[in-house]
Protein chains: 2
Amino acid sequence: MIIFKKNVILPVFCENLPHMLNNYSKEDKVLLAVDCIIFGFDKEELKILLIKRDFEPEKGKWSLMGGFLKRNETLDDSANRILHHLTGFHNIYMEQLYGFSKVDRDPAERTVSVAYYALINIEEHNQELIEQYSARWFSISEAPKLIFDHDQMVNHAIRRLRYRTSNKPIGFELLPEKFTMRQLQKLYEAILDEELDKRNFINKINGLDILIKLTEKDMSSSRKGSFLYQFDKEKYDKKVEDGFTFKI
Amino acid sequence: MIIFKKNVILPVFCENLPHMLNNYSKEDKVLLAVDCIIFGFDKEELKILLIKRDFEPEKGKWSLMGGFLKRNETLDDSANRILHHLTGFHNIYMEQLYGFSKVDRDPAERTVSVAYYALINIEEHNQELIEQYSARWFSISEAPKLIFDHDQMVNHAIRRLRYRTSNKPIGFELLPEKFTMRQLQKLYEAILDEELDKRNFINKINGLDILIKLTEKDMSSSRKGSFLYQFDKEKYDKKVEDGFTFKI
DNA sequence: TTTATAAGTGTTATTTTTACATTTCCAAAT
DNA sequence: ATTTGGAAATGTAAAAATAACACTTATAAA
């Protein structure tokens, strides 16, 4: 709905003051895209899920999964919808990143894209959907060049992910429900791109007191076997409420 | 420019795959607003610059300064343009914050707004322009309720500003060229909303080695007078290059 | 029974952060 | 000329957080 004003004296500078007059009709509209950087973690590597374009423009090139904002949805809704299409899941951990707006970023039409990043348990994706979209997991270091400004988006997402480790226990979103300390450490090493000391890491994690140690062991990686842990979301939430910050 | 595809067999799921077919013409377009949280620092308080709407809807209410993205500009361009209108200055320190997209956030029309925050030296604004826009500086604690989701934007900006102190010497953007240690400390106290120990603060700042101590003194606040300092951007830039982080 | 291998475990040194009180300088008043 | 008032300037010691470091244990497979 567009409202037109009556009986208003327009000073000269008013055409530059859209918030002062709701003559929205004169304003340019744009396509608003939402592109998702989907992170997964596989054994020792941080990966991203990319889709292959099989049409022009940029046919045969790899790209982030994306879509356009619809009139009746929020950006979060849109990102959720896009993630659901590719993975089959709802309630994926997801965060808005940044708006990319170079005028010619998409050669087909003026488009502004808001990038989101998402964290998923790589074991849980829907293989069928992924095939439908010609999607593939790439480790960060081996990912191909992407279309448009998608590489820039990925770099932005990695930086954000790295920073987020100091605020939120995002790592747990990327692991299966039950995991070993070694897996958790490898994940943090992958995200932070640095090696961590095993004892210091375990001490710090235990100090946070947000893990449940199970009696169950994972026997696949050694003869001794390693205990499995679970993330205790309840304990974590209580701690966050009391104003605590998660820091590795 | 919109490109229509020919001779393409459309699988059933293709309408949900805009990146797979550039049939952009079917997609909804939206108005993209840019709203600016303009911070200033006055003596002991962090302030924001607000404008008063003198028209419907939301006549008489206070709001952030904003505008709409034009077809041929980036979001940064747009924010710069808006800031220039209100202050008369170019090259204002500015950062993109977040995209706000509640479907009915603007009752007049579907609008997505990308918020920016900016830091300006409060002594340097253009009084004439500010009067033209019925603008006023408010201390954060005394700011009126704002229209739409602008309060949410301001809160977001304060959080970001607080975080940025640990990365960037943003404080200096808010001060006059020459300033006293006390002013700098008061500013950080205002941003972080906590009292800091004078000696520890000075030790830390001096440890960063990015200030030039002038021989000149400010005599307005005491009989002894206090030395004035200048931010040494060159030294700072060199340090950033060597991978250093600024932390108070 | 032996062996091979990753899992598990604490202490000390170093660095960073916090807490804290006295002296100095100068303009204004006398 | 002397005194006075008040903010500016300054350093050290205790506490906390972080970083460095190596041996023992549990188990399956040989």
Side-chain angles (χ1 to χ4, degrees), chain A residues 43-44 162-163 165-167 175-176 178-230 239 242-248, chain B residues 43-44 162-163 165-167 175-176 178-230 239 242-248:
Chain A
K43 306 276 190 302
E44 306 215 341
R162 218 160 264 170
Y163 163 60
T165 57
S166 66
N167 288 329
L175 292 171
K178 298 171 183 184
F179 51 85
T180 65
M181 274 291 179
R182 185 183 164 77
Q183 279 178 286
L184 186 61
Q185 184 181 342
K186 283 284 172 196
L187 170 58
Y188 273 91
E189 287 180 341
I191 293 175
L192 300 173
D193 194 28
E194 61 179 318
E195 297 213 338
L196 302 172
D197 178 272
K198 179 168 57 159
R199 277 173 294 185
N200 291 342
F201 181 79
I202 292 174
N203 288 341
K204 217 171 245 181
I205 292 284
N206 284 333
L208 297 172
D209 188 29
I210 53 169
L211 291 190
I212 301 163
K213 185 175 187 170
L214 306 176
T215 50
E216 211 177 329
K217 276 187 165 185
D218 170 80
M219 300 307 294
S220 66
S221 63
S222 76
R223 289 176 183 166
K224 183 177 180 178
S226 53
F227 283 103
L228 289 165
Y229 290 81
Q230 260 183 314
K239 277 176 178 275
D242 301 348
F244 124 114
T245 62
F246 184 90
K247 171 92 170 48
I248 294 296
Chain B
K43 307 275 191 299
E44 306 216 339
R162 218 161 263 171
Y163 163 59
T165 58
S166 67
N167 288 327
L175 291 172
K178 299 172 183 182
F179 51 85
T180 65
M181 274 290 180
R182 183 183 166 77
Q183 279 178 287
L184 186 62
Q185 183 181 341
K186 283 285 171 192
L187 170 58
Y188 273 90
E189 289 180 340
I191 294 175
L192 300 173
D193 194 27
E194 62 178 316
E195 296 211 340
L196 301 172
D197 178 272
K198 180 168 57 162
R199 276 173 294 185
N200 292 340
F201 181 79
I202 291 175
N203 288 341
K204 216 170 244 180
I205 292 285
N206 283 333
L208 297 171
D209 188 31
I210 53 170
L211 291 191
I212 301 163
K213 185 175 187 170
L214 306 177
T215 48
E216 208 176 332
K217 276 187 166 187
D218 169 79
M219 300 307 291
S220 66
S221 64
S222 74
R223 289 177 183 164
K224 184 177 179 178
S226 52
F227 283 104
L228 289 165
Y229 290 81
Q230 260 183 315
K239 277 178 177 270
D242 302 348
F244 123 117
T245 61
F246 183 91
K247 171 92 167 50
I248 295 295

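Residue numbering restarts at 1 for every chain, and letters A, B, ... go by the order of the sequence lines. Quick caveat: nothing in here was measured; it's all calculated off a predicted structure.
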Query raised in the report: For A/Ile210 and A/Phe246, what are the C-alpha separation, side-chain angles and deciding distance, and is it a side-chain contact (heavy atoms from CB on, under 4.5 Å)?
Result: CA-CA 10 Å; A/Ile210 53 169; A/Phe246 184 90; 3.3 Å; yes
Query raised in the report: Can you check whether A/Leu208 reaches A/Lys239 side chain to side chain, under 4.5 Å on heavy atoms?
Result: no
Query - Between C/dG8 (P) and A/Phe201 (CZ): distance, integer Å - result: 13 Å
Query raised in the report: Mind checking what makes side chain to side chain contact (heavy atoms under 4.5 Å, CB included) contact with A/Glu194, not counting sequence neighbours?
Result: A/Leu192, A/Leu196
Query - Close residues, residues 205-221 of chain B, relative to DNA chain D [heavy-atom separation under 4.0 Å] - result: B/Ser221
Query raised in the report: Sequence neighbours excluded, which residues qualify as side chain to side chain contact (heavy atoms under 4.5 Å, CB included) partners of A/Asn200?
Result: A/Asp197
Query raised in the report: To the nearest Å, how far apart are B/Phe179 CZ and D/dA8 C1'?
Result: 16 Å
Query - Salt-bridge present (B/Lys198, B/Glu189; N to O < 4.0 Å) - result: no
Report task. Report yes if some heavy atom in the side chain of A/Tyr229 is under 4.5 Å from a heavy atom in the side chain of A/Leu175; otherwise report no. Result -> no
Query raised in the report: Relative to the 5' end of DNA chain D, which residue comes earlier, A/Ser222 or B/Ser222, by the nucleotide with the nearest heavy atom?
Result: B/Ser222
Requested in this report: Rounded to the nearest angstrom, tell me the gap between atom CZ in B/Arg182 and atom C1' in D/dA7.
Outcome: 8 Å
Query raised in the report: Closest nucleotide of DNA chain C for A/Arg223 versus for A/Ile202: which of these residues is on the 5' side?
Result: A/Arg223
Query - Letter per nucleotide, 5' to 3', of nucleotides 12-25 of chain D [B base touched, S only sugar-phosphate touched, - untouched; heavy atoms, 4.0 Å] - result: -------BBBB--B
Report summary line: For residues 210-219 of chain A, the salt bridge (Lys or Arg N to Asp or Glu O under 4.0 Å) pairs (sequence neighbours left out) are A/Lys178-A/Glu216
Query raised in the report: Of all residues at least two apart in sequence or in a different chain, which pass the ring pair (Phe, Tyr, Trp, His ring centres under 6.0 Å) check with B/Phe227?
Result: none
